[in-house]
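Since the structure comes first, as structure tokens, the remarks are kept for the end.
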2 protein chains.
Amino acid sequence: MKIDPRHLEIIAAVVDQGGLTEGATLLGKSQPSVSRSLSMLERRLGINLFQPGRRPLQPTQTCLLLAHEGRKILQAGEAASGVVLHYQRGTNGAVRLAGPPIFMEGVVSGMLASFQSSFPDIRIDQSYCYAAEVFARIESDALDLGIVPVRASEVPDSLIAKQILKGRNVVACRVGHPIARKQAVRLAEIAQFPWIAPPADSPLFHDLRTALESIGVSDIKVGFTGASLSAVINILEGSDALTVLPYSVVFMLRRKKTVDALSIRIGDPDRHLCIVSRRNEVPSPATRRLASFVESEFASFNLLIDRHEQNVVWRS
Amino acid sequence: MKIDPRHLEIIAAVVDQGGLTEGATLLGKSQPSVSRSLSMLERRLGINLFQPGRRPLQPTQTCLLLAHEGRKILQAGEAASGVVLHYQRGTNGAVRLAGPPIFMEGVVSGMLASFQSSFPDIRIDQSYCYAAEVFARIESDALDLGIVPVRASEVPDSLIAKQILKGRNVVACRVGHPIARKQAVRLAEIAQFPWIAPPADSPLFHDLRTALESIGVSDIKVGFTGASLSAVINILEGSDALTVLPYSVVFMLRRKKTVDALSIRIGDPDRHLCIVSRRNEVPSPATRRLASFVESEFASFNLLIDRHEQNVVWRS
DNA sequence: TATCTTCATATCATTAGGTTATGCAATAGC
DNA sequence: GCTATTGCATAACCTAATGATATGAAGATA
């Protein structure tokens, strides 16, 4: 005999409140509704839930047992409401986030770490991919947010991209690199060293070529290729290799005092780091919360960079 | 945001079974019904319970939290079903039982004690009253069962009375009473002793008068009046008083070896002990169980008495 | 690419449950 | 013992959820 859990809730409310009217009030229903629900249930079960003809409604033995179960259901219902409330506040749920590995590892992951400690109940599903795939996955609802360097014209109409960092690349090398000591860097010197190249399909690889072209270097030795920032860093730190990295990534790395940027200005990319999401659909609260967190983190990051810039002279 | 507990059940079932169809089967519903219920809930809550476009339906983070609550509700529902099942088997619930104090205390209470140990979850609400009130209370649904000595003609049409013991009274006295030693009891001797009388409104009082008239005694000394059997016993044991009691009561008391019956036959009452209940209404399972228990106890009690009778000579 | 599995939708019928208004009965108070 | 009050049941009406069957659509798998 399956019983509607709502009926058990009603029983619990009426028993605990000591009356139909009070019980109905607790449940946010009208007294006749509760009365009828109980009558129907009594008839269906063939059980007198309340002693008939008693005015302060007197629960039966069996009714008390059922009320006990009803209380559990009321509690579970409240807990469930709490879950929903948490979700709507954006303090639980999950966000699917993707971006190119260099940016994600170099800049975003640190921000995600502090986000995690503020909102431990939001799960972040992070993956790595480039702009085209990010667009496709967001459009097919396999992704909530993308953090990718893009040109505004690239972004599909169905998506919205908000710029969070101006595109800017630098030549990176290890701290103490022979070329870093020199005041004036000659192009011939740059070309002598081996280079670390990002994967050929990555935007950064494209940036690398155009950047070098912009300073007149056309032919380089590629000593290592890899998509993982940590691999790049390892090579960078342990050799005299050079590479092109986003300035923001090098800026973050500078704290470790193992990697630095050459103070020569290379051509800036026409892609700027954007946070990308669906245009028409309202994102989940957790997604919104993460997005605005990342935006504000980048805002203060920009300030930090600006302040630092005032003390550095870049040669072009 | 109040959530229908049935929806939480559905979530739990679908998550645990790993699919809509299986979940629906568990709940005894059709797959489309479950599908629609979940869709409506998702829209209402504004929460994706399952990742869209995934064929083995993949629950969201929030969905898992809700499923956890749903499981509690499913469990409570099963427990409630168990309660109802118990009730229908008559192994829980409550029975309201009434009868005259002498019979209830002297014979029935012992039976109720063994019933209690067999069915500890059935509560027995016992009270004392005579036939007229028993009838009225059963008819007004303030009582489930009555155990009273009645004439068949007295019983209202709405009630049904099943005889469980033939009416028979005896003169009772303490063991070792002077009159008990004598082979032949003369009427004059009986009249010498003080008598214990039941309350004037009790059937037993009427029996007392007619019984004494039947053996030619018309005038007696009444030394004590009381409705409680234990009070009567106390007086009986501690004095040479006599009284009229149902034979069944004295038969039970004989085990204590303090009270006995005079071996003279007095007029049998025209009331017989019956178990009374409503005729048209189906009694609760617990009521039926108690009624049949009492009936069978009296059946074996009758056998016991019959066997004993073969060894006793009664003088009239 | 084809097929199978699994979920979503359409449509219709049913029914539980929501509301207000009102009747009725049990308790309480005089 | 009579009346007033309180509290529950019933009536009538309506909305909306849910059930069933048939069918469409989209992933997953080979």
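All chains are named by letter (A, B, ...) in the order of the sequence lines, taking the proteins before the strands, and each is independently numbered beginning at 1. Keep in mind the model is a prediction, meaning the values are calculated, not measured.
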- Query: Where the side chain of A:Pro32 is concerned, which of C:dT20, C:dG17, C:dA8 is the nearest nucleotide?
  - Reply: C:dT20
- Query: What closest approach, in Å, do B:Val15 and B:Cys63 show between heavy atoms, and which atom pair accounts for it?
  - Reply: CG2-SG, 3.8 Å
- Query: Contact class for A:Ser30 vs. all strands (heavy atom < 4.0 Å): base, sugar-phosphate, or nothing?
  - Reply: base
- Given the rule in the side chain to side chain contact (heavy atoms under 4.5 Å, CB included) test, do A:Val134 and A:Ile147 qualify, once you have shown the distances and angles that lead to the verdict? CA-CA 8 Å; A:Val134 164; A:Ile147 297 182; over 6 Å; no
- Query: Between B:Arg36 and B:Glu22, who's closer to the 5' end of DNA chain C by nearest nucleotide?
  - Reply: B:Glu22
- Task: Could you work out which one of D:dT18, D:dC8, D:dA20 sits closest to the side chain of A:Leu20?
- Result: D:dC8
- Task: May I ask you to say what A:Thr21 touches in the nucleic acid, namely base, sugar-phosphate or nothing, with a heavy-atom cut-off under 4.0 Å?
- Result: sugar-phosphate
- With the side chain of B:Leu57 defined as its heavy atoms from C-beta on, choose the nearest nucleotide among C:dA16, D:dC8, C:dC7. C:dC7
- So, does B:Arg278 use its side chain to make a donor-acceptor pair with the main chain of B:Ser158 at under 3.5 Å? no
- Query: Can you find a side chain N or O atom of B:Ser35 that sits less than 4.0 Å from OP1 or OP2 on C:dA8?
  - Reply: yes
- Query: Can you tell me how far OG of A:Ser284 sits from CD1 of B:Ile47, rounded to the nearest 0.5 angstrom?
  - Reply: 9.5 Å
- Item | Nearest-Å distance for atom pair NZ/C1', residues A:Lys29 and C:dT19 | 13 Å
